[in-house]
Amino acid sequence: MTKILQIGEGNFLRAFAEDYIQKANDKGLINKEVVICQPRSNTKVINALKAQNNEYSITLSGRFNGEVVDERKKITCVSECLDTQSEYSKIVELFCSETLEIVITNTTEAGICFDENEVREDVPNKNIPARLTNLLYSRFKAGLSGVIFLPVELIEDNADTLRKYMLDYAKLWNLESGFINYINDECSFCNTLVDRIVSGHKADDEDPCSVAAEPYASWVIQADDKFKKAFPLDGFDGIQFSDNLAPYRTRKVRILNGTHTMSVLAAYMCNIDIVRDMMNNELFDKYINLGLDEIKQTINLPKEELDSFANSVLERFNNPFIDHKLFDISLNSMAKFNTRCLPTILDYIKINGKAPKILSFAFAALIAFYLKEGTNREYTPNDSDDVMVIYGNIGCNPVKEILYEEEIWGEDLSKNEMLYNAVLQSYESIKNLGIENALNEVVYG
């Protein structure tokens, strides 16, 4: 049985990677066991897993393929948990064994970085790429074949970034050119895009290591031949191999994240509190579907793929087991709108020669939310000090002033006449009619 070293003991990986590995093992598609170590010094989860023979349960609850799912399953594919600090020698031993095949990492977006102050002899290195460089160098010196690196950190081109920093450390530490060639030629670095909502451990669960998540999961992998041979799971329960992750990343950001961002502020202003109630509101159901039609026009993937993904998003938002609060989602909405919705709006204008009706309304609702226009709710928007200062100094033309903020949007959007006029019209409607009446007008008018 080949082994996977997993650097990351958190809820996400244990409800995502282990779920996939367990299912594939059970179906006889692969035969792999996982060894988990923690990226930092906290041993709470590692010790808890050791105390129960490295086994734990996951609960998958939500809507999936038109049905309500509430399933509990046992994870037994973890063979060992190692404390990075006190058992580092065992991790080195595993890295220098012929059975090691894949290294999975999830060390948060900040985990894949470079620190020129890292010293090779200071093991285990605090910096994850430095630690992996040291471990891989030990494997190289042992004369063993390269391994597959499969990071799942939520950064673009996560594996390419990891490889770059490992090469930087090899050069910083003056390691021989043969090792640099080994990293480039003998090891595989597979970029990934992952998607699953993991809500974490339920306080009333008797299993202290259990994790709750939604049934939906997606793992898009930029797989090379070496990975395909080791992990032949293209098409298995949401796993997809692709030479180009960009369209799938765009699909996720614009449809999943963008739909959240374009809808939750207006819904909250309409006195709706949780995502599920928004989804079961007739007006917002129509609004969201119209918005999705605009979003899908800007993504370069087959229509059936986009429709299927959009339908799965609607199901996930309507999860009967999770009370996802709209106001919690509203945190830092200006930055979210910039990355999740604005590129869609600008692409839509290029494609259609006009501003999108629904997404322009969402832009107006964003501004109205911060200025508390068109709603009777009492709340304090939660954003950075810089953003709140901008809104605190708004003058007589809020739309023009907000669109003008190049530091937020990267350009002066007030110069885009189609966008400016569309947002201004919707903002005036919200201000004069109230958010709900304005929403009715844009949806049914």
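Every value quoted in this text rests on a predicted model; they were computed, and no experiment measured them.
Side-chain contact between Phe16 and Val211 is absent, with no heavy-atom pair separated by less than 4.5 Å. Lys354 is listed as a side-chain neighbour of Tyr348, based on a closest heavy-atom distance under 4.5 Å. Using a 4.5 Å cut-off on side-chain heavy atoms (C-beta onward), Cys81 and Glu9 make no contact. Here the side chains of Ile104 and Leu13 are in contact, with some heavy-atom distance below 4.5 Å. With contacts defined as side-chain heavy-atom distances shorter than 4.5 Å, the pair Leu5/Cys37 qualifies. When side chains are defined from C-beta on, Leu162 counts as touching Phe149, because their heavy atoms get closer than 4.5 Å. Contact of the Ile4 side chain with the Glu101 side chain is not registered, since no non-hydrogen atoms from C-beta on lie closer than 4.5 Å. Looking only at side-chain heavy atoms (C-beta outward), Glu305 and Tyr248 come within less than 4.5 Å of each other.
Residues Asn257 and Arg254 have side chains that never bring a donor and an acceptor to within less than 3.5 angstrom of each other. One side chain, Ser414 or Asp412, offers a donor N or O that lies under 3.5 Å from an acceptor on the other. Judged by distance alone, the side chains of Asn319 and Glu214 never bring a donor and an acceptor atom under 3.5 Å apart. Asn127 and Tyr169 share a side-chain donor-acceptor pair at under 3.5 Å. Inspection of the Gln52 and Asp207 side chains reveals an N or O donor paired with an N or O acceptor under 3.5 Å.
The NZ atom of Lys228 sits 13.0 Å away from atom CG of Leu233, with the distance rounded to the nearest 0.5 Å. One finds the CD1 atom of Ile295 at 6.5 Å from the SG atom of Cys341 (value rounded to the nearest 0.5 Å). Between the CG atom in Leu306 and the CG atom in Leu301 there is a gap of 5.0 Å [rounded to 0.5 Å]. Atom CZ of residue Arg196 and atom OG of residue Ser218 lie 10.5 Å apart, to the nearest 0.5 angstrom.
Of all the heavy atoms in Ala267 and Leu326, the pair that sits closest is CB-CD1, 3.6 Å. When all heavy atoms of Pro356 and Glu294 are compared, the closest pair comes out as CB-OE1, 3.3 Å. Closest of all the heavy-atom pairs between Pro129 and Met166 is O-CG, 3.7 Å. The two residues Leu136 and Ile183 come nearest to each other via the heavy atoms CD2-CG1, 3.9 Å. Between Tyr268 and Arg377, the closest heavy-atom pair is O-CD, 2.8 Å. Nearest approach of Ile112 to Pro151, heavy atoms of both residues: CD1-CB, 4.2 Å.
The aromatic rings of Trp219 and Phe231 sit perpendicular, their planes meeting at an angle over 60°, well past the 30° parallel limit.
For Glu18 (side chain) and Cys77 (main-chain N/O), no donor-acceptor pair under 3.5 Å exists by modelled atom type. Judged by distance alone, the side chain of Asn281 and the main-chain N or O of Phe284 form a donor-acceptor pair under 3.5 Å. In this structure a side-chain-to-backbone donor-acceptor pair under 3.5 Å is present from Asp234 to Phe241. At distances below 3.5 Å, at least one donor-acceptor pair connects side-chain atoms of Arg14 with backbone N or O atoms of Cys209. Under a 3.5 Å cut-off, the side chain of Thr259 and the backbone N or O of Leu256 do not form any donor-acceptor pair. A donor-acceptor pair under 3.5 Å is absent between the side-chain atoms of Asp285 and the main chain of Asn280, judged by distance alone. A donor-acceptor contact shorter than 3.5 Å is absent between the side chain of Glu411 and the backbone of Leu413. Checking side-chain atoms of Ser199 against main-chain N and O of Ala212 turns up a donor-acceptor pair under 3.5 Å. Distance alone, capped at 3.5 Å, is enough to place a donor-acceptor pair between the Arg131 side chain and the Asn125 backbone. Panel note: side chain Gln6, backbone Gly8; a donor-acceptor pair is recorded below 3.5 Å.
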Distance-only check: which donor-acceptor pairs under 3.5 Å involve side-chain atoms of residues 435-442, not counting sequence neighbours?
residue	atom	partner	partner atom	Å
Asn437	ND2	Leu433	O	3.1
Asn440	ND2	Glu436	O	3.1
Glu441	OE1	Ser429	OG	3.2

Using residues 384-396 as the side-chain source, report each donor-acceptor pair under 3.5 Å to any protein atom, sequence neighbours left out, with the distance given to one decimal.
residue	atom	partner	partner atom	Å
Ser384	OG	Val387	N	3.3
Asn393	ND2	Val389	O	3.2

Worked check of ring pair (Phe, Tyr, Trp, His ring centres under 6.0 Å) between Tyr379 and Phe369
CA-CA 10 Å; Tyr379 60 90; Phe369 174 83; 4.8 Å; yes
Full working for side-chain contact (heavy atoms from CB on, under 4.5 Å) between Leu314 and Asn289
CA-CA 9 Å; Leu314 297 179; Asn289 277 284; 3.7 Å; yes
Checking salt bridge (charged side-chain N to carboxylate O under 4.0 Å, His left out) for the pair Asp115/Lys126: CA distance, chi angles, key distance, verdict?
CA-CA 10 Å; Asp115 181 357; Lys126 291 181 180 179; over 6 Å; no
I would like to know whether Thr133 and Glu118 meet side-chain contact (heavy atoms from CB on, under 4.5 Å); could you show each step before the answer?
CA-CA 11 Å; Thr133 305; Glu118 283 282 350; over 6 Å; no
Could you go through the side-chain contact (heavy atoms from CB on, under 4.5 Å) check for Ser263 and Tyr287 one step at a time?
CA-CA 8 Å; Ser263 57; Tyr287 171 76; 4.1 Å; yes
Decide yes or no on side-chain contact (heavy atoms from CB on, under 4.5 Å) for Gln22 and Thr76, but give the supporting numbers first.
CA-CA 7 Å; Gln22 186 71 52; Thr76 60; 3.2 Å; yes
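The salt bridge (Lys or Arg N to Asp or Glu O under 4.0 Å) search around Asp237 returns Lys23, not counting sequence neighbours. Not a single salt bridge (Lys or Arg N to Asp or Glu O under 4.0 Å) links Glu315 to another residue, sequence neighbours left out. Partners of Arg340 by salt bridge (Lys or Arg N to Asp or Glu O under 4.0 Å), not counting sequence neighbours: none found.
In this structure, Asp168 pairs ionically with Lys164, as a charged nitrogen and a carboxylate oxygen lie closer than 4.0 Å. Of the charged side-chain nitrogens involved, none lies within less than 4.0 Å of a carboxylate oxygen, so that Lys325 and Asp273 do not count as a salt-bridged pair.
Crowding of Asn300 atom CG: a count of heavy atoms from other residues, nucleotides or ligands under 6.0 Å not exceeding 12. Within 6.0 Å of atom CD in Gln425, 12 or fewer heavy atoms from other residues, nucleotides or ligands are found, so the atom counts as exposed in its surroundings.
The only member of Thr161, Thr107, Asn106, Thr192 that meets side-chain hydrogen bond (donor to acceptor under 3.5 Å, both in side chains) when paired with Glu153 is Thr107. For the pairing with Asp195, the salt bridge (Lys or Arg N to Asp or Glu O under 4.0 Å) check across Arg251, Arg316, Arg249 returns one residue only, Arg316.
Taking the ring centroids of His260 and Phe317, they lie under the 6.0 Å cut-off.
The salt bridge (Lys or Arg N to Asp or Glu O under 4.0 Å) pairs that include a residue from residues 50-69 are Lys50-Glu87, where partners are two or more places apart or lie in different chains.
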